[in-house]
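Structure, as structure tokens:
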Amino acid sequence: MLDLNWLNTFVTLARLEHFGKAANELHMTQPNVSLHIKQLEQSTRVKLIERNPFRLTQAGERLLQSAQNTLMELQSCQSDLNAINDLCQGTLTIAASDIISRWLLIGPFQSFKAEFPGIDLTLLNTTSTQASDSVKSAKADLGFVMAQKESQPLHFTELKQVTWCALGNGLEAWQKGEQVDNLEAPTLILLGHDTRTRDLMDPALPDLKLPKYRIMEVDSVDAQIDWAEAGFGIAIVPDFSLHPKLNLQSTITPLPTFPSASLGYIVRQNQVLSKAIKKLLRWVEEEIVRSPHVQ
């Protein structure tokens, strides 16, 4: 019988390809990581990895497939068992981007802690793509994402339609072909090109009717807002990110011609939702209704 702890160590090591990094992530010593791999190889009676340089053997590749599926199924099963038993103690893991969690989840999380004090909320700060991966692998029980397409093994429920705004001064002048601050072209402050937001933004940028422009890429909506407020360009951001508490000084220009996107939550197909998750989702929906900046 293969020990689940050995399999978890093996899967982590295969992903990180480094004994020291695997030990840090697993909160183990490096000798214990090596011991788990040795015990796994002795139990399977095959060599699973080559160490210099690191690579999986053919047997290791085959075991990795089964080990990943096994651990994922066990995590999913435990999540469903907790839901069936109306878990009142333990951990509920949520995956969401910083901007979504900051403006939509703080109030609901406060309500959740008051009603379910025995459940620890764990928040994974992720992109929408990472949130999908976390829910798919059962590392997160629930994910909040933008622009999710319905796909196995995930189920997406829309909470609202997101529209876009330009944050920054001088957009109207640029659109008229006038120079601003002696610059020939404005700088558009966008998220990285490998994000879902850019998949939506890039085809819509011609709608800004700018003769020419430069692009500055940052890694979060918060960074977009900060750079725009500092006068470094014009940020294209979702409407709900422009919260009144920010006391923004720059001009906000709605972009009605930009394609809207869906903001919603994802769970695994056929996942059993616990009473606690259902209450959290209800509080999130109420938060959306209350906030004038997310209508």
Side-chain angles (χ1 to χ4, degrees), residues 3-5 7-9 11-12 15-16 21-29 32-33 68 70-146 148 153-157 159 220-222 240 243 263-288 290-291 294:
D3 188 288
L4 291 177
N5 290 321
L7 290 177
N8 187 50
T9 300
V11 168
T12 303
R15 173 166 53 83
L16 298 176
K21 292 179 180 179
N24 288 335
E25 182 166 315
L26 294 167
H27 304 291
M28 297 169 58
T29 64
N32 276 342
V33 172
Q68 289 173 325
T70 298
L71 294 173
M72 187 184 304
E73 283 298 319
L74 286 173
Q75 287 176 313
S76 299
C77 179
Q78 184 63 63
S79 176
D80 287 344
L81 291 176
N82 291 340
I84 291 170
N85 292 326
D86 278 334
L87 179 69
C88 60
Q89 290 186 333
T91 300
L92 177 62
T93 302
I94 311 295
S97 70
D98 181 70
I99 198 68
I100 291 176
S101 59
R102 183 178 299 184
W103 303 129
L104 294 185
L105 300 184
I106 291 178
F109 275 20
Q110 290 173 327
S111 300
F112 186 95
K113 291 301 294 181
E115 184 156 340
F116 301 99
I119 302 179
D120 290 328
L121 274 174
T122 297
L123 180 62
L124 303 180
N125 188 359
T126 68
T127 65
S128 289
T129 299
Q130 291 168 340
S132 297
D133 291 340
S134 295
V135 174
K136 194 180 301 183
S137 64
K139 293 179 180 177
D141 302 289
L142 178 68
F144 290 90
V145 300
M146 282 181 59
Q148 172 71 34
L154 300 176
H155 176 73
F156 174 73
T157 300
L159 293 172
S220 71
V221 176
D222 287 331
F240 66 84
H243 196 277
L263 169 64
Y265 66 87
I266 49 173
V267 294
R268 295 182 302 281
Q269 292 279 9
N270 302 318
Q271 178 178 342
V272 179
L273 298 185
S274 66
K275 174 184 176 182
I277 289 180
K278 290 178 180 177
K279 288 296 290 285
L280 177 63
L281 291 172
R282 186 186 311 165
W283 287 320
V284 169
E285 291 174 352
E286 292 171 355
E287 185 77 9
I288 289 174
R290 278 195 300 268
S291 176
V294 290

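Treat the numbers as computed from the prediction; the structure is a model and nothing was measured. Hydrogens, waters and symmetry mates are skipped; everything else that's a heavy atom, side chains included, is used.
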*Assess whether side-chain contact (heavy atoms from CB on, under 4.5 Å) is satisfied between L92 and L280, documenting all intermediate values.*
CA-CA 11 Å; L92 177 62; L280 177 63; 4.3 Å; yes

To the nearest 0.5 angstrom, please state how far the [atom1] atom of [X] sits from the [atom2] atom of [Y].
| X | Y | atom1 | atom2 | answer |
| --- | --- | --- | --- | --- |
| T70 | N8 | OG1 | CG | 12.0 Å |
| L121 | Q110 | CG | CD | 11.5 Å |
| I288 | L159 | CD1 | CG | 4.5 Å |
| F109 | L123 | CZ | CG | 5.0 Å |
| I277 | F112 | CD1 | CZ | 8.0 Å |
| L263 | L104 | CG | CG | 6.0 Å |

Looking only at heavy atoms, which two atoms of [X] and [Y] are closest? And how far apart?
| X | Y | value |
| --- | --- | --- |
| F144 | A131 | O-CB, 4.5 Å |
| P117 | A114 | CD-O, 3.9 Å |
| S132 | V145 | OG-CG1, 4.3 Å |
| M146 | I100 | CG-CD1, 4.3 Å |
| L26 | T12 | CD2-OG1, 3.6 Å |
| R102 | D222 | NH2-OD2, 3.3 Å |

_Tell me every residue that passes side-chain contact (heavy atoms from CB on, under 4.5 Å) with N32, counting only those two or more places apart in sequence or in another chain._
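N32 satisfies side-chain contact (heavy atoms from CB on, under 4.5 Å) with M28, T29, L35 only.
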
_Among V135, T126, L142, T122, the one residue meeting side-chain contact (heavy atoms from CB on, under 4.5 Å) with I94_ = L142

*K278 NZ: over 12 foreign heavy atoms closer than 6.0 Å*: no

*asked:* Heavy-atom count check: over 12 atoms from other residues, nucleotides or ligands less than 6.0 Å from K279 NZ?
replied: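 For K279, atom NZ is crowded (more than 12 foreign heavy atoms under 6.0 Å).
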
*Among all residues two or more places apart in sequence or in another chain, which pass the salt bridge (charged side-chain N to carboxylate O under 4.0 Å, His left out) test with E25?*
R15

*Would you find a donor on one side and an acceptor on the other, under 3.5 Å apart, between the side chain of K113 and the backbone of I119?*
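Such a contact is found between K113 side chain and I119 backbone.
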
_Checking the side chain of S134 only, and the main-chain atoms of A140 only, is there a donor and an acceptor separated by less than 3.5 Å?_
no

